[in-house]
Amino acid sequence: MRNRALTIAPLLFAGCEGVQSALAPAGRDAERIANLFWAMVVGGGVVWLIVMAVAVYGARAKHEHSEKLAGRFILWGGVVFPTVTITALLIGGLALLPPTLDLGPDEPRLAVVGEQFWWRARYRQGDQWVEVANELHLPTGRRTAMTLESPDVIHAFWVPSLGGKVDTIPGRTNHIAYEPTRAGTYRGACTEYCGQAHALMAFHVVAEEPAAFETWLAHQAEPATEPTDAEATRGAALFLEHGCGACHAVRGTEAAGVIGPDLTHVGSRAHLGGVLPNDTASLVRFIREPEAIKPDVRMPAFTTLSDAETAAIAHYLEGLR
Ligand code: CUA
């Protein structure tokens with residue numbers, strides 16, 4: 001039995017490591033939240049041990065106690081002790097709110113929108129807004145304030161390794177700020193049930209040095225690169241012919257749709273739709289059967305395209321780095 005407990009314990013805690021864990025903080029706010037969690041675990045553990053010890057003593061004690069002693073025990077153990085510990089916990093928890101709600105000195109530079117079922121993100125770069133999807137970048141050591149909105153249903157934005165979570169609510173603008181302390185790629189998730197593909201509404205945040213972040217953003221602000229080979233040129237033409245540009249934007253081309261993710265630099269992202277590795281096979285699959293990847297997604301399946309046509313479009317998109 002003990003052996004089994006020892007084998008199960010690592011499995012229980014395996015989920016606490018890695019790219020999506022509030023217990024492996026890589027951001028200022030996530031550190032505060034993790035500290036509160038551990039204080040509660042230790043405090044709760046101590047209280048539990050005391051209660052268990054008293055219960056065992058009570059069950060085994062043979063002699064009777066006086067009414068007076070019992071009254072005192074109830075007063076101190078049942079009233080004073082819980083009042084003091086719960087008040088301390090409340091004060092500790094409330095003290096955490098102002099720093100985690102601090103949006104920093106700058107105007108929000110990042111506007112996040114929860115869509116069906118993906119994340120739209122717009123960065124302010126000078127006087128223009130640069131749109132990306134499902135892969136956000138944030139500078140380390142700086143507080144980045146964001147606004148959060150939704151056009152239709154409620155989603156919740158959360159990157160457990162970096163900070164707290166906040167809902168995106170139609171008709172309302174919410175705010176949060178993240179301040180990564182460690183460079184790396186962290187996974188985020190939608191944590192409010194929003195439809196069939198809710199659990200697949202994942203995204204990634206790349207935390208990097210401020211200089212690398214600015215370079216990335218400047219690159220994202222540029223228009224798409226021209227196709228460099230014959231197949232990509234054919235793919236670009238097919239992309240427009242089949243109406244992909246009605247929903248997707250590829251800046252620098254005629255494609256200027258605003259319904260779906262901006263694809264100007266789609267090839268530069270590590271993941272596709274937040275859930276697939278970004279490669280030719282995933283792109284082909286997404287064009288062919290988006291419903292199989294994200295049920296109830298708004299994108300229609302392009303089953304009328306031949307294999308060669310689908311491959312050409314995928315090749316073109318892959319080259320948009
Ligand atoms: Cu979006 Cu759940």
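In what follows, residues are counted from 1 in the order of the sequence shown. Values reported hereafter were calculated over all heavy atoms of this structure, with side chains retained and with hydrogens, waters and symmetry mates removed. Since this is a predicted model, take the numbers as computed values, not measurements. Start at 1 and go down the list; that is how both ligands and their atoms are numbered.
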### Query
So, do V206 and F213 sit near enough that their side-chain heavy atoms are less than 4.5 Å apart?
no
### Query
Backbone N or O of R269 within a donor-acceptor pair of the H204 side chain at under 3.5 Å?
no
### Summary
Per residue E192, nearest N, O or S atom to atom 2 (Cu) of ligand 1 is named O
### Query
With side chains defined as the heavy atoms from C-beta onward, is the minimum distance between R72 and H65 less than 4.5 Å?
no
### Query
Within the stated cut-off of 2.8 Å, is an N/O/S atom of C194 closer than that to atom 2 (Cu) of ligand 1?
yes
### Message
A side-chain contact here means heavy atoms from C-beta on lying under 4.5 Å apart; do R285 and I293 qualify?
### Response
yes
### Task
Quick one: sort the F157 and W119 rings into parallel, tilted or perpendicular, breaks at 30° and 60°.
perpendicular
### Query
Taking 2.8 Å as the cut-off, does an N/O/S atom of H155 lie below it from atom 1 (Cu) of ligand 1?
yes
#### Entry: Whether M201 has an N, O or S atom under 2.8 Å from atom 1 (Cu) of ligand 1
yes
### Opening angle between SG in C190 and ND1 in H198, taken at atom 2 (Cu) of ligand 1, to 10 degrees
120°
